[in-house]
There are 2 protein chains.
Amino acid sequence: MEWTIQELADKVGVTSHTLRYYEKIGLLRNIRRNENGVRVYTEYDLSWLELIRCLRNTGMPIEGIRQIVELSMQGDHTIPARKQILREHRRKVEQQMEELKNYLDKIDGKLKWYSEQMPD
Amino acid sequence: MEWTIQELADKVGVTSHTLRYYEKIGLLRNIRRNENGVRVYTEYDLSWLELIRCLRNTGMPIEGIRQIVELSMQGDHTIPARKQILREHRRKVEQQMEELKNYLDKIDGKLKWYSEQMPD
DNA sequence: GCTTGACTTAGAGTTCACTCTAAGTGGTAT
DNA sequence: ATACCACTTAGAGTGAACTCTAAGTCAAGC
């Protein structure tokens, strides 16, 4: 399966601007072109993009993602380093979930208080 | 228990700038002053601030929080309306958690893949 | 008496990650 | 042929929520 820039953008929920931007800043690498110079995205590119969005949506800054991309360009011997970064990030995501859970409890507490003030 | 602006800021993890800012834009109301015009924050103010931070940290924009504050200024008859807003927000927080859980799975998948490529 | 920390207004600056524009070229589809 | 979508570079603009500065005043504590 292959996609144009607009197709991939729609599929993943970003704009074509963003895809060119990601390429320019080095998050997406070696995007193939057709005979007219038009970008052709592959499954491989999609899977990278999905990882990028996953990391971005869980709060990893661009710079951190670029590190991972950079490492993976350098070959399999950087897998342990990449794994390390990802594990660290995983920890942070777990913390986010913990935090969110506490906030949810706080919201529930407030809702309960509202109900006590005025049952509906 | 009562606090100066700096004490409250430290307690809650914001800056004194932010506390004055929140007051200026109407998130914190009727902050008491001592005889020299210095702000004195009470437990009541603290509980508001904690709610504000909870809502902000779960993604509610300033404008939404201001709505709740505005309503609560208008008396108990607005409790159902406030409750409605909070319930809606609660739903969004649950969605965030769901999303985070999915991302965590994705990260775990990638970590697993790394391990298959290079066990450590 | 000097430092520290509070106060004021008004507005400028920061951060991050996009997001878009201009101004031009060129292939594809109707 | 006329949209439409792709491409380029270079840079400007956006949004949200802070975050800080200037320039001055004032009171408390050492």
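Note on naming: letters A, B, ... go to the chains in the order of the sequence lines (proteins, then strands), and numbering restarts at 1 for each one.
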Undergrad: Can Arg53(A) and Tyr22(A) be counted as having a side-chain donor-acceptor contact under 3.5 angstrom?
TA: yes
Undergrad: Nearest heavy atom decides the nucleotide; on that basis, is Arg33(B) or Glu35(A) closer to the 5' end of DNA chain C?
TA: Arg33(B)
Undergrad: State plainly whether one hydrophobic cluster holds both Tyr103(A) and Met97(B), where clusters connect Ile, Leu, Val, Met, Phe, Trp and Tyr through side-chain heavy atoms under 4.5 angstrom apart.
TA: no
Undergrad: Quick check on dC5(D): is either OP1 or OP2 less than 4.0 Å from any side-chain nitrogen or oxygen of Arg39(A)?
TA: no
Undergrad: For Asn34(B) and dC7(C), give me the distance from atom CG to atom P, rounded to whole Å.
TA: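 The distance from CG of Asn34(B) to P of dC7(C) comes to 9 Å, rounded to the nearest Å.
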Undergrad: Does the side chain of Asn36(A) get closer than 4.0 angstrom to OP1 or OP2 of dC7(D) through an N or O atom?
TA: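 Result: no.
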Undergrad: Take atom NE2 of His17(B) and atom P of dG13(C), then tell me their distance rounded to the nearest Å.
TA: 16 Å
Undergrad: NA contact type, Thr4(A), heavy-atom cut-off 4.0 Å: base, sugar-phosphate, or nothing?
TA: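 Result for Thr4(A) = sugar-phosphate.
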Undergrad: Side chain of Ile62(A): nearest nucleotide among dC7(C), dA17(D), dA17(C)?
TA: dA17(C)
Undergrad: Looking at side-chain heavy atoms only, is the closest gap between Leu71(A) and Ile85(A) below 4.5 Å?
TA: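 Counting from C-beta outward, Leu71(A) and Ile85(A) do come under 4.5 Å.
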Undergrad: Please classify the nucleic acid contact of Arg53(B) as base, sugar-phosphate, or nothing, using heavy-atom distances under 4.0 Å.
TA: sugar-phosphate
Undergrad: Start at the 5' end of DNA chain D and walk down; is the nucleotide closest to Tyr21(B) or to Gln6(A) reached first?
TA: Gln6(A)
Undergrad: What's the spacing between Arg39(B) CZ and Glu7(B) CD if we round to 0.5 Å?
TA: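 Reported to 0.5 Å precision, the distance equals 14.5 Å.
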Undergrad: If the cut-off is 4.0 Å, is Arg56(B) near the phosphate of dC18(D), judged by side-chain N/O to OP1 or OP2?
TA: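 So the side-chain polar atoms of Arg56(B) do come within 4.0 Å of the phosphate oxygens OP1 or OP2 of dC18(D), strictly under.
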Undergrad: Strictly below 4.0 Å: does Tyr22(A) bring a side-chain N or O up to OP1 or OP2 of dC18(C)?
TA: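 Yes, Tyr22(A) has a side-chain N/O under 4.0 Å of OP1/OP2 on dC18(C).
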Undergrad: To the side chain of Arg20(B), which of dC7(C), dT8(D), dA6(D) is closest?
TA: dC7(C)
